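Note that the structure is a prediction, hence the values are computed from the model and not measured. When reading the values below, keep in mind they use all heavy atoms of this one structure, side chains included, and skip hydrogens, waters and symmetry mates. Residue numbers start from 1 in every chain, and the chains themselves are labelled A, B, ... in the order their sequence lines are given, proteins ahead of strands.
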Protein chains: 2
Amino acid sequence: MKSVIPVTVVDIKVACSQCNLRELCLPFGLDPNEIDQLDELVGSRRKIKRQQHLYRSGDSFEAIYAIRAGSFKTDVILEDGRDQVTGFQMTGEVLGLDGISTEHHSCNAIALEDSEVCVIPFTRLEELSREVESLQHQFHKIMSREIVRDHGVMMLLGSMRAEERLAAFLLNMSQRFTARGFSPSEFHLRMTRDEIGSYLGLKLETVSRAFSRFQEEGLVAVQQKHIRILDTPGLKRLLNHHAA
Amino acid sequence: MKSVIPVTVVDIKVACSQCNLRELCLPFGLDPNEIDQLDELVGSRRKIKRQQHLYRSGDSFEAIYAIRAGSFKTDVILEDGRDQVTGFQMTGEVLGLDGISTEHHSCNAIALEDSEVCVIPFTRLEELSREVESLQHQFHKIMSREIVRDHGVMMLLGSMRAEERLAAFLLNMSQRFTARGFSPSEFHLRMTRDEIGSYLGLKLETVSRAFSRFQEEGLVAVQQKHIRILDTPGLKRLLNHHAA
DNA sequence: GGGGCCCTTTGATCCACGTCAATACTGTTT
DNA sequence: AAACAGTATTGACGTGGATCAAAGGGCCCC
């Protein structure tokens with residue numbers, strides 16, 4: 001079927017100024033004129049199919065990526081094959097910051113579903129952020145946020161028990177879905193039990209058992225990847241009321 | 001006793017340009033003129049006694065800190081009292097990046113020995129890094145390095161066994177001492193077994209036992225906090241030759 | 001719309017590390 | 001030089017989560 005509306009590449013391109021994710025992403029805090037400058041910088045968009053790599057560990061670092069649609073995981077792989085999921089990323093979040101330090105990426109970024117990213121050439125971002133103070137500051141905040149987030153994961157991996165880890169994970173997902181205008185209590189996980197387990201430092205069986213236990217206790221309703229949180233305070237209690 | 005040599009504050013102040021840590025720290029990659037500009041920005045130095053806080057979680061964020069002498073740990077504390085050491089920092093490394101994201105620090109920084117830091121007011125650092133490209137880039141690299149380092153710790157906490165974790169820790173310490181001109185094979189740890197354990201997600205007894213085991217196997221000679229690495233390849237083998 | 005494969009769940013057993021406890025060492029204070 | 005407090009080592013025992021195993025379910029691709 002032919003489209004009656006002529007569509008050009010320019011039409012398809014969604015500018016930062018029009019993007020409904022701008023409050024979560026790099027444009028946050030910029031005025032309209034500054035956003036236009038950022039728009040010029042965002043060279044292209046790239047579609048990544050489910051299970052495909054956005055970049056691989058070792059790839060030379062050229063750009064960072066803002067997620068426009070879909071979601072990703074990042075992981076690190078050891079020589080002996082063991083791997084560790086280091087994070088799950090949703091729309092509006094930025095990928096690739098790991099590459100700045102050595103000019104090469106140090107982890108893999110893999111799409112959990114068909115996704116689309118905005119490619120932000122890093123040299124040009126540094127140029128522009130030398131001119132636009134608010135962009136510079138927002139970029140620094142985004143990097144810092146990643147550091148803080150990682151500390152939270154270290155806390156989780158280093159001193160929490162299995163059910164606490166999963167509760168923290170679910171509450172974190174809920175909060176991030178909420179920030180994107182979705183339901184805080186009902187969502188669809190894009191990752192497998194194995195990937196959740198790798199992220200949380202647990203085996204997939206342990207993740208599955210913890211889900212079942214939460215279900216028995218009436219905290220959540222689980223149906224495969226579909227999650228309904230029934231008792232948010234109950235989950236929060238799991239986190240804090242653990243005598244040291 | 002009176003000093004015969006007149007000493008002014010200016011004399012005491014050690015400029016970045018004179019600092020033997022500049023290759024590890026913020027000045028890396030700057031030309032002499034740029035280093036002078038950075039020097040002006042580094043307002044003051046601060047001495048922190050052993051066990052004292054450089055900053056606490058919740059403190060408002062004003063500056064980042066470069067370690068001139070001594071060493072620190074950072075930790076995160078949960079409401080129920082559990083805490084997690086998120087890192088150990090040595091001379092030339094930068095502390096406080098966690099505070100950028102919310103304008104408040106999100107962890108505690110505590111001196112492991114009597115130490116001294118250079119205070120770098122953050123607003124002024126952002127100003128100068130808008131003018132000095134090489135400073136901007138070095139700062140971004142430092143933040144990115146922290147992210148990469150954290151991913152390494154997540155790998156360690158999420159998928160390594162106790163002895164692998166300790167081996168990785170010792171090799172990391174060795175490498176960092178080497179970068180500072182100290183012996184790669186013989187050094188003094190500033191932190192307790194409990195702090196190492198917290199960092200590695202292990203109990204202090206497990207850390208102690210792993211040390212003893214390494215000693216039995218001739219990998220290291222341990223005498224309390226004094227460590228002599230006898231078989232570096234052996235320690236490395238512990239890390240990689242673990243069938244998944 | 002059917003077939004195959006991956007994902008998930010659940011059970012039984014095992015083991016690495018945690019817990020509890022006692023003792024020894026070390027550096028610091030008086 | 002003695003006393004102390006914090007730190008470290010070592011042993012005995014318990015347990016949370018890993019491992020091994022098997023069956024069921026759902027989703028994706030053809």
Would you call the rings of A/Phe182 and A/Phe177 parallel, tilted or perpendicular, where under 30° means parallel and over 60° means perpendicular? perpendicular
Separation of atom CZ in A/Arg161 from atom P in D/dA18, rounded to whole Å: 12 Å
CG of A/Leu112 versus C1' of C/dC7: gap in Å, rounded? 15 Å
Given atom CG of B/Leu157 and atom P of C/dC17, what is their separation to the nearest angstrom? 13 Å
Roughly how far, to the nearest 0.5 Å, is the CZ atom of B/Arg165 from the CG atom of B/Leu200? 7.5 Å
Atom-pair distance (CG on A/Leu202; C1' on C/dT8), nearest Å: 16 Å
Can you check the B/Leu156 CG to C/dC17 P distance for me, whole Å? 12 Å
Which side-chain N or O atoms in residues 209-223 of chain A pair as donor and acceptor under 3.5 Å with protein atoms at least two apart or in another chain?
residue: A/Ser212; atom: OG; partner: A/Ser208; partner atom: O; Å: 3.1
residue: A/Gln215; atom: OE1; partner: A/Val222; partner atom: N; Å: 2.7

Just how far, in rounded Å, is P of C/dT9 from CZ of A/Arg213? 15 Å
Please report, to 0.1 Å, the donor-acceptor pairs under 3.5 Å made by any side chain of residues 57-69 of chain B, with sequence neighbours excluded.
residue: B/Asp59; atom: OD2; partner: B/Arg56; partner atom: N; Å: 2.8
residue: B/Ser60; atom: OG; partner: B/Glu62; partner atom: OE2; Å: 2.9

Using a heavy-atom cut-off of 4.0 Å across all strands, would you classify B/Gly197 as base, sugar-phosphate, or nothing? nothing
Between C/dT8 (P) and A/Ile196 (CD1): distance, integer Å: 7 Å
From CD of A/Glu195 across to P of C/dC6 the rounded distance in Å is 14 Å
Separation between CE (A/Met154) and SG (B/Cys107), nearest 0.5 Å, reads 9.5 Å
Using a 4.0 Å heavy-atom cut-off, write out nucleotides 5-10 of chain D from 5' to 3' as B (base contacted by protein), S (sugar-phosphate only) or - (no contact). --SSBB
Are the side chain of A/Glu164 and the backbone N or O of A/Arg161 linked by a donor-acceptor pair below 3.5 Å? yes
